[in-house]
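Heads up, the thing below is written out as structure tokens.
Here the structure is a predicted model, which means the values were calculated and not measured.
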4 protein chains.
Amino acid sequence: MPKKKLIGVIGSGTCSEAEAKTAEEVGRRLARQGAILVCGGLGGVMEAACRGASSEGGVAIGILPGEDRQSANPYVQIPIVTGLGYARNVVVVKSAQAIIAISGSYGTLSEIAYALQNDIPVIGLNTWSLSKNGQVDQSIIPARSAAEAVDMALSLATG
Amino acid sequence: MPKKKLIGVIGSGTCSEAEAKTAEEVGRRLARQGAILVCGGLGGVMEAACRGASSEGGVAIGILPGEDRQSANPYVQIPIVTGLGYARNVVVVKSAQAIIAISGSYGTLSEIAYALQNDIPVIGLNTWSLSKNGQVDQSIIPARSAAEAVDMALSLATG
Amino acid sequence: MPKKKLIGVIGSGTCSEAEAKTAEEVGRRLARQGAILVCGGLGGVMEAACRGASSEGGVAIGILPGEDRQSANPYVQIPIVTGLGYARNVVVVKSAQAIIAISGSYGTLSEIAYALQNDIPVIGLNTWSLSKNGQVDQSIIPARSAAEAVDMALSLATG
Amino acid sequence: MPKKKLIGVIGSGTCSEAEAKTAEEVGRRLARQGAILVCGGLGGVMEAACRGASSEGGVAIGILPGEDRQSANPYVQIPIVTGLGYARNVVVVKSAQAIIAISGSYGTLSEIAYALQNDIPVIGLNTWSLSKNGQVDQSIIPARSAAEAVDMALSLATG
């Protein structure tokens, strides 16, 4: 029996309604296609994605920064308690076979950077753009919708 | 819907046949009682416990020290890739609501110490004994069988 | 006696001659002004900065990703061995009161992101530029020379 | 110029006067013999050892669990800020070429276990005793005095 794919969803712990709607749809579509959602387990984009996965009977894993499993949002089925603070971002990224970044702040940027350093595909929905010395870095693959992001992530999640 | 309990099973990456048999029975009984097994994801006691859980349709999570999900034993359903080396022991322990220690070497001892530091119950099957300045420390709760260890772990896993 | 300031220098493990020259001058100037250099302890920009600090009798700390203190470049006086892989980037950043980023790749980007998330000042020398949703993020403070970068870092290192 | 030896001193964050006296003497003797002291940077045994090192002009490094360099005891010259919680114990241990354990609780036990797992010599002063399945484990080398512990640690710190 082939293992299920683990797809990471990253974004801020507080987010706009539009971002939450996108994240929820990402979570729903991942669950419908049989993927396991892995995220940081807290609020905002993470909670919306977990709610989406949960609404379709999917599995949502939350890799928590703190010491307390109660800090997970209510839609996390499997809380992984690290106590590592934001060094846990590394674990979120490495556990995923592809990453969907939804908007996000500096924590999300650190996760994008870790993913690119580890050759883990990053699909972006209105997220960071990078350039170095005036040269644009095009490693983040832009998606136009939750549906497109999920399709791309699943097809690239081969590692 | 109440969340499933996460029970940690710790022990060496290589083990005797008797230890493997015990670990497998622990895994089977945890799965039958609806608990999720969390372990370090490698061989020996970890693999035997995952094999037991898997044989009963249970979920086994492997918190891996390395960078490669392929390093998980074949019975791990959900590989968590940390890249943290043996600092990942902390994550195994904190993610569990109770720990069953089966024999084990110094890595297992570090996990027992972390669990006791965090007030996570530790059930021991032929594992370490501790004393300090001539005083025996009785924090590790001894069990006489896999069945007893699983019953104790589930009843103590309230945190 | 006031404690010495800890300044982080981040950049790639392999670098151009021009980048090495800049890093070495940064290291020299930090040492001359009595600051302690903290970096990832490996080659490239890290080694050049340590060489500069060492040539002026300064202290260079290397926070190593691996398990072996021998992996430090020869100018590291104090090797901190983490075994955490690239999660050690978090430790480099948090230990510094200000960061000087010299060019760099995705590992450096993850460190910049962690620093900005933690309100640690980041001075950039030909390094990453960030924007989100078409809006330029100006949190990285650009410097035009090693001398200017060191002066900025020392004056901002108040945390 | 040969690098200075890094010797770890581990023990509880609160301790008796007798333990503090021992730790302070360990710190003084390490400094006099030119070794760098590495510890967890907090109070109790750690603070006493740092005070001893400081009183002899030695260098004391504190590997802090939290996010704040101000949490270091006042005798730490070089605070390493990890934000990793007690996973930082791994970094204390791996950075040291030998460990002196003074009494201590479960956190100290986790550090002893990590050191033994990594073949780092552990000298014990009234600390834990270990046995497994009725067999005593004699890996912790007992010392009868601070002087003897320091001499043993320095002669064994060859890795």
Side-chain angles (χ1 to χ4, degrees), chain A residues 1-8 34-41 50 54-55 57-85 87-99 114-115 117-120 157-159, chain B residues 1-8 34-41 50 54-55 57-85 87-99 114-115 117-120 157-159:
Chain A
M1 192 181 71
K3 278 182 188 144
K4 291 185 175 182
K5 287 184 175 172
L6 268 77
I7 306 294
I36 294 174
L37 168 65
V38 58
C39 71
C50 291
S54 175
S55 73
V59 173
I61 300 173
I63 315 272
L64 299 166
E67 304 275 349
D68 182 4
R69 79 191 70 244
Q70 308 304 335
S71 63
N73 73 60
Y75 308 102
V76 167
Q77 277 189 308
I78 300 180
I80 302 294
V81 184
T82 73
L84 295 170
R88 76 79 151 85
N89 291 3
V90 178
V91 182
V92 173
V93 167
K94 285 186 196 288
S95 295
Q97 293 165 281
I99 296 279
Y114 269 118
Q117 189 184 25
N118 286 277
D119 293 320
I120 296 167
T158 54
Chain B
M1 192 180 71
K3 277 181 188 145
K4 290 184 175 182
K5 287 185 176 172
L6 267 77
I7 306 295
I36 294 174
L37 167 65
V38 58
C39 71
C50 291
S54 175
S55 73
V59 174
I61 300 173
I63 316 272
L64 299 166
E67 304 275 349
D68 183 3
R69 81 190 68 244
Q70 307 305 333
S71 63
N73 72 60
Y75 309 101
V76 167
Q77 277 189 309
I78 300 180
I80 302 295
V81 184
T82 72
L84 295 170
R88 76 79 152 84
N89 291 3
V90 179
V91 182
V92 173
V93 167
K94 285 185 195 289
S95 296
Q97 293 165 281
I99 295 280
Y114 269 118
Q117 189 184 26
N118 286 277
D119 292 320
I120 296 167
T158 53

Exercise for the section: Could you tell me which portion of B:Leu64 (side chain, backbone, both or neither) has an atom closer than 4.5 angstrom to a non-hydrogen atom of chain A? Expected result: neither
Completion exercise
Tightest non-hydrogen contact, residues B:Ala60 and B:Tyr75, listed as CB-O, 3.7 Å
Completion exercise
What one should report as the nearest heavy-atom pair of A:Gly40 and A:Pro65 is O-CD, 4.1 Å
Practice task
Without swapping roles, check the side chain of A:Ser95 against the backbone of A:Val91 for a donor-acceptor pair under 3.5 Å.
Solution key: yes
Handout entry: Backbone N/O of B:Gly83 and side chain of B:Arg88: donor-acceptor pair under 3.5 Å
Key = no
Problem - Straight-line distance of A:Ile120 CD1 to A:Lys94 NZ, nearest 0.5 Å - result: 7.0 Å
Fill in the blank from the handout: Of the listed A:Ile80, A:Val81, A:Val93, A:Asp68, the one with the largest count of heavy-atom pairs under 4.5 Å with chain B is A:Val81
Handout entry: Largest heavy-atom contact set with chain B, pairs under 4.5 Å, which of A:Asn118, A:Val59, A:Ile63, A:Val76
Key = A:Val76
Practice task
Go through the atoms of A:Ala87 and report whether side chain, backbone, both or neither lie under 4.5 Å from a heavy atom of chain B.
Solution key: neither
Fill in the blank from the handout: So, the part of A:Gln97 with a heavy atom under 4.5 Å from chain B: the answer is both
